[in-house]
Structures are given as C-alpha cells and as structure tokens.
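Data block below; observations after.
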Amino acid sequence: MDIRELLLKDVMIMDLKAQNKNDAIDEMVHKYFEQGVIDDESIYKADIIKREAESTTGIGDGIAMPHAKDKAVKRATVLFAKSEQGLDFDALDGQPVQLFFMIAAPEGANNTHLQALAALSSLLINPDLVASLKQAKTPDEVQQLFADAQSAKEAEEAADAKAEAEKKATEVETTGKRPYIVAVSACPNGIAHTYMAEAALIKSAKEKNIEIKVETNGSEGVKHRLTADDIARADGVVVTADKKVEMGRFDGKKLLNRPVIDGINKSDELLDKIEAGDVSIYHAAVGDEPASDDGEQKGGLWNEIYKDLMNGVSHMLPFVVGGGIIMAFSFILERFVGSGSMYFTFFNQLGNWAFAFLVPILAGYIAESIGDLPALMPGVVGGFMANTAAANVLKTTSVSGFIGGLLAGFLAGIVINWLKKVFKNVPKSLEGLKPMLLYPILSLLIVGVAMFFIINPVFAAVNAWITHVLNGMGTGNAVLLGTIIAGMMAIDMGGPFNKAAYTFAIAAYTSTGNGKLMAAVMVGGMVPPLATAIATTLWPKKFTEQERQAGISNWVLGISLITEGAIPFATADPLHVIVSSVIGAAIGGGLTQFWRVSVPAPHGGLWVTPLASHWYFYILSVVIGAIIAGVILGIWRPAKKQTEKA
C-alpha cells in the first residue's frame, strides 16, 4: 500500500488553531468527522482520551501520535496536523509539540492497513524527515516527503539484507561474532509506539554493529516471534512494553524491562546496558515481572492489590452482566407465563448458572494476576468453596461468599509465589514436576484447608452479621450509606472509586439477596451521563458541537448504566462535571434508600425497572438525581467563546 493512501490531503491541518491539548484533540477529531473518516466523534474521542490517560502520546522532539482503534472509524487514516508555535501536549520531554499524527484504525482493520500504519510510525524516528515536515507548507509536500522517506527506507533495508547475506556467507567460524540481542516491543493499542520502538532499536543496533531481533506485539498480533533458539543464543533481552507479554521464556537471561517509550527515546542506552552486562538476571520462578536494573519500583502495595483485584473484577463482569440480565428477564417473563413454565425455568436457570461462576472467576483471576497461570486452578477452587452454590457440595451452610472469594484469590496467588521460591533450586531434571505436580497439589491442599477450616467459618459469621445489619438498618443509616456509595459511583466514572462501590454492592447482594444497595449504585452510575445529556440539551451554547452530539448518545448510555459516557466531559472539564455528578448521584442514591427501593439485579439501569420494588420511586430517584446534576452543571459551567459558535 502506498503510504499516501493513509496520509490523505483532505484531512491534513497545516495551521492548527488550538492552544491546548484538549482543543487540539477536538479540532483533529472534528476534521475526521467532517471528512467522513469517523461517524461518531464522541466514541472516537473517548478512546483517544482513554489512550492519553494510559500514557501520553507526546513522544518528544515536537511529535505527538494520538491514536485509537474503534467502531467509529470507517477507514484507516492518518491525520497530519502542524502547529506553527507548538502547544503543550504533556510530551515526555516537556517541550511543545508541533507535529501531530492522529491515527484512526477501524476495528476490522486488515493487515495491509496495519502494516502501512506500522511503516509510517517507524519513519518518524528519522530526524531529517521530522525537520523537513516542520518546514512543509502544503499537503502535497507532506505526502511527497513521506513517499521519499519510505522509498529510501526500503532501498536501505534491501541493501542491508544483501550485505547481511554476503557477510554470513563469507563468515569464518573462527572470527569473532557480533553481539546478539533479542527484544520485545508492545503498547496497549499496538498501532504506533510498538513499531516506533522496534525501528529505533533496530537503528541503534545497526549503528553499534549489534545483531538484533525484535518481536512486536501489535494490532496484527505477534510478529517476528522469538524462538527458543533465538532466546538461548541471545546475550541479553530488552523488553519495552506497556502491557503484559510472555516473560517466563526469558528465565536465566540478562533482561531489561522498560516502558515502550524508552524503546523509542533511549534505545542506545538500553543496548549499551545489555552489551556492558550492566543488568540483572531474570528469574521467572520468583514472579512474572522483573525489577528494573536501577531498582525502580513498579508501584506501591496498594497499586499491586488494585491491579490484581481489577483483573478479577474485569473477568467477573461478563458473568455478572450476562447472567444477571438474563435472570432479570426471567422474572419479567414469569409474570406472563408463570413460574411453572419451561420458558421461565430455562432463562432463570441459565442466569443462575452464569451467576454461580461469579465468585470462582473473581477468585481465579485475582490469583492468576498474582501468581500467573499456576495460581488459576487453586484460585477458582477456593472461590467455588466460598460460593453459596457450593454449599450443597460441601454439605455446610458455612460459606464465606464474595468476601471469602476475594481472600481465596489473594491466598492462592501468594501461595503459588511462595511455592516458586521454595522449589527454586530443585534439580533441572525435576523442573517439569513443578507445574505438573508440585504446584497444583500443594497449592490446592493449602488453599482448600484454609478455606474449609478458617476462611469459610469466620466469614460466614461476618456475612450473617452484614445481613443482620443491612436488614435491621434504620432509615437514617440506610440513606447515609446509599448516599456515599452512589456518590462514589460518580467520582471517577468507571475508575477505582466506582468499582469499589459497585463491588461492595455486589458483595452485599450475593451474600444477602437484598437489592437495596444495587438500587443506590445503579442510580449513582446513571446520573453522570444523564446529567451531561440534560446540560447539553438545555444549555447547548456552553458546549462544543462534539459535546452536544455526545450528550444525545448519553441519554441511552445513561439509562443503560454505562457511566463511562460521561468520561469525555469529565476529562475536558473535571471540576464542573465531577462535582455536579457527585451531588446529583449522592442525592439520587440516598432517595432510593429513603423510599426503600430494591433492585434484585446486578446490572441493567432502567431496563430492569419491572424488577424493582417501588419501581416508580426507582425512576423518580434517577430523574431527580439527574436533573439536579444536569442543572448544576448547566448553570455552573461558564460559556466559552470557542463553544458559542453553533
């Protein structure tokens, strides 16, 4: 594919007007929308913002590469934009950004498009091309510069391949061999940074006369996969990744583990460290992630706990949503066909079967996050032992429920990591016994004993106490609790506070069968997107065209309990949006408890209204909370000159 088929002249912005990061994103996204590259500005911008939240795409040297791959994109395209003065884009080097490459890739992008995007990204490590682009005046000139750079790169690669083949053909065994290094490059989206890091490492290796092979974990999947032979003969390993990659294969090798941006900006330094031997040996048996060679820590204890917990929650949610909604549908169906109908029984049991996996999956994937694959089995079994569905199998009423599942997951992961240390020095001849025999048997035994004799009895009593407290809670205390957890749902709109509140309500629901707190968190989660929908409808001149369009879609997202619909608004204007949303959500959540609303479903928003007790108060709580938040936002938010042009 000709690279000019991606760099369309019609979507170039040769004089970017924006003065800050958010306005620059708005201007470029709107250009895509005008030219029909995307059909939904709010969806595409939300994914751009989400990517920026993971790590800035301002890579330094005056370049930024915001990118997203989603359903709003109609065709793979790269938007080139130039700011003459430059603007603050949170670049890693702290310098203003002048050149922007906004990459749009459709969900079903074919390999040809993805390869072209990778090639385009790799060209940007060429300082001569970057300097020329900063002087370019017309779209035609930009296209030609890239076409020339691509042709030169292909010619250079062909010459290098020919020279390498000739060198290998004439190489004598007795001559000294070049250093050989293997590397892995990966970023969350796998579109730009992955391939820029690959290109930078290859370029630096060539300059240092080092032989290198770089595995890329990008949008196309894994390319140039490192073989066991590659790894065995390598002098060292460089991993530049912002997402999880296979690490166990590097056991016993000198290894550097750095963010993908270091592969782009510090490729020389990384290769020098490996060549000098100034790195530690990676031992897979003591954990999946090696410490950095300079002693940097990857995060505090709470960050690690939160990461492990969210791994469990993210795998659990499909069971919650799928099983819960189908179960809720069965109760609606029951009103028409009766409880003895096969149709009711099927849907009800299907939902219950999915729901029965909720705690085991949560526990298993918490364990897997901590101790990798060997921890999955004892975590799942521990979670099953904690689950109420296991009571008949265990012939006991002492099951610890959701809380016990959390503990089972963390216990299983910790036990596996401890066993890895215990058996670290077993003879090589017995290595195969560890994953196939020692880890499964011993971890299952330890977790099983702890669950049956300690965790289940203790936390069954805790669950009974929670049930007693919730059932006997006075109106005042119930309103206070509902206010707090509903407000938490709106603080970060899908982040740690939101997930903590939702997890707490799920725990109470699965332990007690009482849906009162589910009503509070549902209202709290619906208010932020509905508030933005109300504000953009009643005060349109205070919002951009993109925000007004996003406000329309937020009517549907809001009633469906998709809080993330408010994220683009909160990112652009956190003070007004978050404070307004928290106030409205807290009031709405408190009202559900005051009116004793109960929603016996773990998800669904207003779609599960027929299941709610006092359903009219459930709807009224949502309406009141959303109107309060929307009115506060609409009145409080200042009108901006650039948003007053409709």
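Quick caveat, the model's predicted, so the values are computed rather than measured.
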* Structure fact -> V380 meets the side chain to side chain contact (heavy atoms under 4.5 Å, CB included) criterion, sequence neighbours left out, with P360, L376
* D47 side chain to D70 main-chain N or O, any donor-acceptor pair under 3.5 Å? -> no
* Asked: Can any side-chain N or O of E52 pair as donor or acceptor with the backbone N or O of P66 at less than 3.5 Å?
  -> no
* Would you mind reporting whether M518 and V523 have side-chain heavy atoms less than 4.5 Å apart? => no
* Structure fact -> Checking L633, I628, I627 against I534 for side chain to side chain contact (heavy atoms under 4.5 Å, CB included), the one that qualifies is I627
* Just by distance, do the side chain of N20 and the backbone of D23 share a donor-acceptor pair under 3.5 Å? -> yes
* Do T537 side-chain atoms and A533 backbone N/O form a donor-acceptor pair below 3.5 Å? -> yes
* Looking only at atom types and distance, does a side-chain atom of K542 sit under 3.5 Å from a main-chain N or O of R637, one as donor and one as acceptor? -> yes
* Where the side chain of T56 meets the backbone of D90, is there a donor-acceptor pair that is under 3.5 Å apart? -> yes
* Exam field: side chain Y32 to backbone M102, donor-acceptor pair closer than 3.5 Å -> yes
* With under 30° as parallel and over 60° as perpendicular, where do the rings of W636 and H576 fit, or are they tilted in between? -> perpendicular
* So which heavy atom on I455 is nearest to which on G404, and how close? -> CG2-CA, 4.0 Å
* **Shortest non-hydrogen contact from G589 toward A520** => O-CB, 4.1 Å
* To do: Tell me, yes or no, whether the heavy-atom count around Q19 atom CD, taken from other residues, nucleotides or ligands under 6.0 Å, exceeds 12.
  => no
* **Any donor-acceptor pair under 3.5 Å from E368 side chain to L373 backbone** => no
* Asked: Are the side chain of R548 and the backbone of F543 linked by a donor-acceptor contact shorter than 3.5 Å?
  -> yes
* **I619: which of T609, V597, I624 passes side chain to side chain contact (heavy atoms under 4.5 Å, CB included)** => T609
* To do: Please check if any side-chain donor atom of N348 sits under 3.5 Å from a side-chain acceptor atom of S330, or the reverse.
  => yes
* To do: List the atom of A386, the atom of M451, and the distance in Å for their closest heavy-atom pair.
  => CB-CE, 3.6 Å
* Taking the six-membered ring for Trp, is the centroid-to-centroid distance between W595 and H614 below 6.0 Å? -> no
* Looking at CD1 of I552 and CG of L557, how far apart are the two atoms once the value is rounded to the nearest 0.5 Å? -> 12.0 Å
* Output yes when a side-chain donor or acceptor of S341 lies under 3.5 Å from a complementary backbone atom of G338, and no otherwise. => no
* Between F344 and L333, what is the shortest heavy-atom contact and its length? -> N-CD2, 4.1 Å
* Structure fact -> Scanning both residues in full, the closest heavy-atom pair of S621 with L591 reads OG-CB, 3.7 Å
* Check N456 against M385 and note the closest heavy-atom contact, atom names and distance. => ND2-O, 3.0 Å
